[in-house]
*Asks:* 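Would you mind keeping the following structure in view while I ask a few things?
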Protein chains: 2
Amino acid sequence: MKRRPTIMDVAARAGVSKSTVSLVLQGSKQVRPETRKAVEAAMAEIGYVYNRAAANLRSASVGLVGVLINDLRNPFFTEFATSLQMALAAEGYATVIANADEDPELQAKLVGSMIEHGVSALVISPAYGEAPGTFDQLARTGLPVLQVLRKMDERTDLFPFASFDYATGSAKAARHLLDQGARHIAFVGGLPGRAITRERKSGWREVLKAEGLEEVALHGKSSRAFGMQAAETLIADHPEVDAAICFNDLVALGLMAGFARAGRPVGDAFRVVGFDDIEEAAQSWPQLSSVSCDIAGFARDTAARLLAWMVEGERPEPELRSPVRLVARASSLGTDA
Amino acid sequence: MKRRPTIMDVAARAGVSKSTVSLVLQGSKQVRPETRKAVEAAMAEIGYVYNRAAANLRSASVGLVGVLINDLRNPFFTEFATSLQMALAAEGYATVIANADEDPELQAKLVGSMIEHGVSALVISPAYGEAPGTFDQLARTGLPVLQVLRKMDERTDLFPFASFDYATGSAKAARHLLDQGARHIAFVGGLPGRAITRERKSGWREVLKAEGLEEVALHGKSSRAFGMQAAETLIADHPEVDAAICFNDLVALGLMAGFARAGRPVGDAFRVVGFDDIEEAAQSWPQLSSVSCDIAGFARDTAARLLAWMVEGERPEPELRSPVRLVARASSLGTDA
DNA sequence: CATACGCTTTGGATCGTTCCAATTCCAGTC
DNA sequence: GACTGGAATTGGAACGATCCAAAGCGTATG
């Protein structure tokens, strides 16, 4: 088993000093082109691979960004993570993605592991729950840390927060359903007590209040399964309800499947709007109306804000809300449309 | 801006030498419990964080595994990656996940980046296409590399391969559809010419040949959108077809949505079986029959094989096929069932 | 009281890179 | 031919951990 070649081996092979090799590696323009060529040839010949650990030891590490996601199985978050990775890759930054699986303890472990591995910044969509000291540990490192999509720590001066303007989206959805003739709009999904549930309900609630309409809300896990179950509940216990805003598209798709199973397909007699506008929303039957969050664009903005912070030292504003857009499709417009 | 504390600072604070601190970090049992306590207290007080780069420099790096996935947006692969990460985390290994986005060049860059960051092993579900020298580069490093789910490099002695026994699954699905009374079974989805498409078709083809039945196959991207389009094609051009085996569940769900849109819901007059048994299969309407690949179990097995290789030096067998299971649901049994 | 023996602890060398100050090189000038 | 100045190159120190051989310490043994 031969050991991995180092810049010393490259230097010997190319007949220069290790310092010169280092300069070539850093793309310095003060080495003569011929020397550079020779060094590069030597590297190729002996199969040299850069040892970033050694480099990071000497100079403050740059170039590795940690992305920690509460639930990577949710396509919305997957899309965010992969878009962010691509945006950062375009700028020459490597990314490590990890999945906390909604487990605050695992999340704390992963944060520790990322810091140990020398990430120079962190983007985190936190898991809810008791995370003793995770954010204190982060604060102590002084690393740039961005909270996105969810907020665990209120110190947004330390950990700036960015998300979407869900409240306005929710209001848009409610107005749209009223325009389509709905009179009894339920809210379905979302765990009670969470900030994001409050936000996604707030616009709906205000519109209903303004119109003097009654509020029906069913809370639960944000899954397809809960959506199906909610369909049964609505049909049995709230027959007057003729439309629903769902916490997210997964719930909405489950709800539509539930109505289909009961022989009452969604579209004309019952209208549905979801949240997130995942890819599948445009491909379901009927096509699902949804409050569209441009997650890829959001990921690009996040990358830009993070880089401005890392490179220019320009601290982002503590709280940012990206605008959302209502995409009306057959599930709220009716199947003839 | 204060610099990050080192073991020297901890040592000074605890009144011991740096070597002792190092022993504590490594959990050596030859330090006196009281000394350990003192060191741990000192670490907590000054907020010490371990610098893994420095450690890896001295001792051959252990504990970081790279996971490179061709398409992380596909829930099947997301499930694999996250399950693998959790299985490895349970053994104390950190994992970095990256998404090659079906781009061989990006894949080559990511492989390079992972090696630079000192991963001690790699699990890769490769993107198809020209990847000049990516695997040669890997071979030179001598790292343990496992190919999973897809095979790019035929040198399975160097890069052992593991996947599912799709051929048998495909045969099971075809037999099942015949048992349900179908006579004209189409195969839908999968890009032509790819090994995985051949595998997932082969069992179907053999069964049809044995029964002397005609083969209809529609190839295309493995997406919902293609499934919907395929539904139209089948209805228009192949009205005799009364069942379909789909390349994966996404295509099957799209196909079902397409039939629903055409007013011909799947279940009794037309039967469908998919591949992968993703979570959504059990939650669609009608529920989707699927060739179930126990991806979480597969991920656990992969972790075990990888660790045996890394730790014991026990090279895995070059090719492994995990068994699959047909899960029959309403989409093939009929909606009354 | 000297010796031996575990159990703990320790100083120095080391890993592969970058940074810095110093040196060499080379053409141009007086 | 000596001197100058900028460009190119170089050797040594440094980064923060681990590893190793050796030393310290307290107790049991002869």
Side-chain angles (χ1 to χ4, degrees), chain A residues 1-40 42-43 46-64 112-113 115-120 141, chain B residues 1-40 42-43 46-64 94 113 115-120 141:
Chain A
M1 192 74 160
K2 221 179 52 200
R3 79 181 209 307
R4 212 159 121 159
T6 75
I7 54 168
M8 297 288 267
D9 303 317
V10 176
R13 176 101 191 188
V16 297
S17 79
K18 59 175 172 44
S19 303
T20 305
V21 178
S22 177
L23 288 174
V24 170
L25 284 173
Q26 293 165 79
S28 160
K29 56 192 53 161
Q30 70 169 337
V31 323
R32 219 155 24 115
E34 313 143 49
T35 313
R36 172 186 305 280
K37 280 263 159 45
V39 170
E40 279 164 355
M43 293 200 300
I46 65 180
Y48 169 76
V49 292
Y50 187 64
N51 183 335
R52 197 173 286 269
N56 286 351
L57 183 54
R58 183 66 178 92
S59 58
S61 94
V62 282
L64 183 61
S113 166
I115 296 174
E116 283 180 10
H117 279 100
V119 296
S120 36
T141 64
Chain B
M1 188 75 160
K2 221 179 54 202
R3 82 179 208 308
R4 210 160 122 158
T6 76
I7 54 167
M8 299 287 268
D9 302 317
V10 176
R13 176 98 190 189
V16 298
S17 79
K18 60 176 171 43
S19 303
T20 304
V21 177
S22 176
L23 288 173
V24 169
L25 284 172
Q26 291 165 79
S28 161
K29 55 192 54 164
Q30 69 169 340
V31 324
R32 215 151 31 109
E34 312 145 49
T35 313
R36 171 186 307 280
K37 280 264 160 46
V39 169
E40 278 165 355
M43 294 200 298
I46 65 181
Y48 169 77
V49 290
Y50 187 64
N51 183 334
R52 197 173 287 269
N56 286 351
L57 183 55
R58 184 66 177 90
S59 58
S61 97
V62 283
L64 184 61
S113 165
I115 295 173
E116 282 180 9
H117 279 99
V119 296
S120 36
T141 64

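Residue numbers begin at 1 in each chain, while the letters A, B, ... track the order of the sequences.
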*Asks:* Mind checking S59(A) for me? I need base, sugar-phosphate or nothing, with any heavy atom below 4.0 Å counting as a touch.
*Replies:* sugar-phosphate
*Asks:* Are any of S19(B)'s side-chain N or O atoms less than 4.0 Å away from OP1 or OP2 of dG11(C)?
*Replies:* no
*Asks:* Which whole-number value in Å describes the distance from E34(B) CD to dG26(D) C1'?
*Replies:* 14 Å
*Asks:* Give V21(B) one of three labels, base, sugar-phosphate or nothing, depending on what nucleic acid heavy atoms sit under 4.0 Å from its own.
*Replies:* nothing
*Asks:* May I have the distance from M8(B) (atom CE) to dT18(D) (atom P), rounded to whole angstrom?
*Replies:* 13 Å
*Asks:* For the pair R36(B) (side chain) and S28(B) (backbone), establish whether a donor and an acceptor sit closer than 3.5 Å, ignoring hydrogens and angles.
*Replies:* yes
*Asks:* Tell me which nucleotide among dT9(C), dT18(D), dC19(C) gets nearest to the side chain of L25(B).
*Replies:* dT18(D)
*Asks:* Between atom CD in Q26(A) and atom C1' in dC20(C), what is the gap in whole Å?
*Replies:* 12 Å
*Asks:* Would you kindly give the OH-to-C1' distance between Y50(A) and dT17(C), to the nearest whole Å?
*Replies:* 7 Å
*Asks:* Whole angstrom is fine here: how far is it from CD in E116(B) over to P in dT17(C)?
*Replies:* 10 Å
*Asks:* Across the strands shown, which category fits A55(B) at heavy-atom distances under 4.0 angstrom: base, sugar-phosphate, nothing?
*Replies:* sugar-phosphate
*Asks:* Is there a donor and acceptor pair closer than 3.5 Å between the side chain of R58(B) and the base of dT14(C)?
*Replies:* yes
*Asks:* Rounded to the Å, how far apart are N56(A) CG and dG16(D) P?
*Replies:* 12 Å
*Asks:* Considering just the side-chain nitrogens and oxygens of R32(B), establish if one lies under 4.0 Å of OP1 or OP2 belonging to dC7(C).
*Replies:* no
*Asks:* Return no unless some side-chain N or O of T20(B) is found under 4.0 Å from OP1 or OP2 of dT10(C).
*Replies:* yes
*Asks:* For P5(A) and Y48(A), which heavy atoms make the closest approach, and how far apart are they?
*Replies:* O-CD1, 3.5 Å
*Asks:* Do S17(B) and dG11(C) have a side chain to base donor-acceptor pair shorter than 3.5 Å?
*Replies:* no
*Asks:* Which one, dT18(C), dG16(C), dC19(D), comes nearest to the side chain of T6(A)?
*Replies:* dG16(C)
*Asks:* Which nucleotide, dT17(C), dT9(C), dC19(D), lies nearest any side-chain atom of Q30(B)?
*Replies:* dT9(C)
*Asks:* Treating D9(B) as the side-chain partner and T6(B) as the backbone partner, does any N or O pair qualify as donor plus acceptor under 3.5 Å?
*Replies:* yes
*Asks:* Please report, rounded to the nearest Å, how far the C1' atom of dG16(C) is from the CZ atom of R52(A).
*Replies:* 14 Å
*Asks:* If you find the nucleotide of DNA chain D closest to V31(A) and the one closest to K18(A), which residue's nucleotide is nearer the 5' end?
*Replies:* V31(A)
*Asks:* Tell me the interatomic distance from N51(B), atom CG, to dT17(C), atom C1', rounded to whole angstroms.
*Replies:* 13 Å
*Asks:* Side-chain N or O of T35(B) less than 4.0 angstrom from OP1 or OP2 on dT9(C)?
*Replies:* yes
*Asks:* Do M43(A) and L25(A) make a side-chain contact, defined as non-hydrogen atoms from C-beta onward lying under 4.5 Å apart?
*Replies:* yes
*Asks:* Indicate the atoms forming the closest heavy-atom contact of A54(A) with L57(B), along with that distance.
*Replies:* CB-CD1, 3.5 Å
*Asks:* So which heavy atom on A94(B) is nearest to which on S113(A), and how close?
*Replies:* CB-OG, 3.6 Å
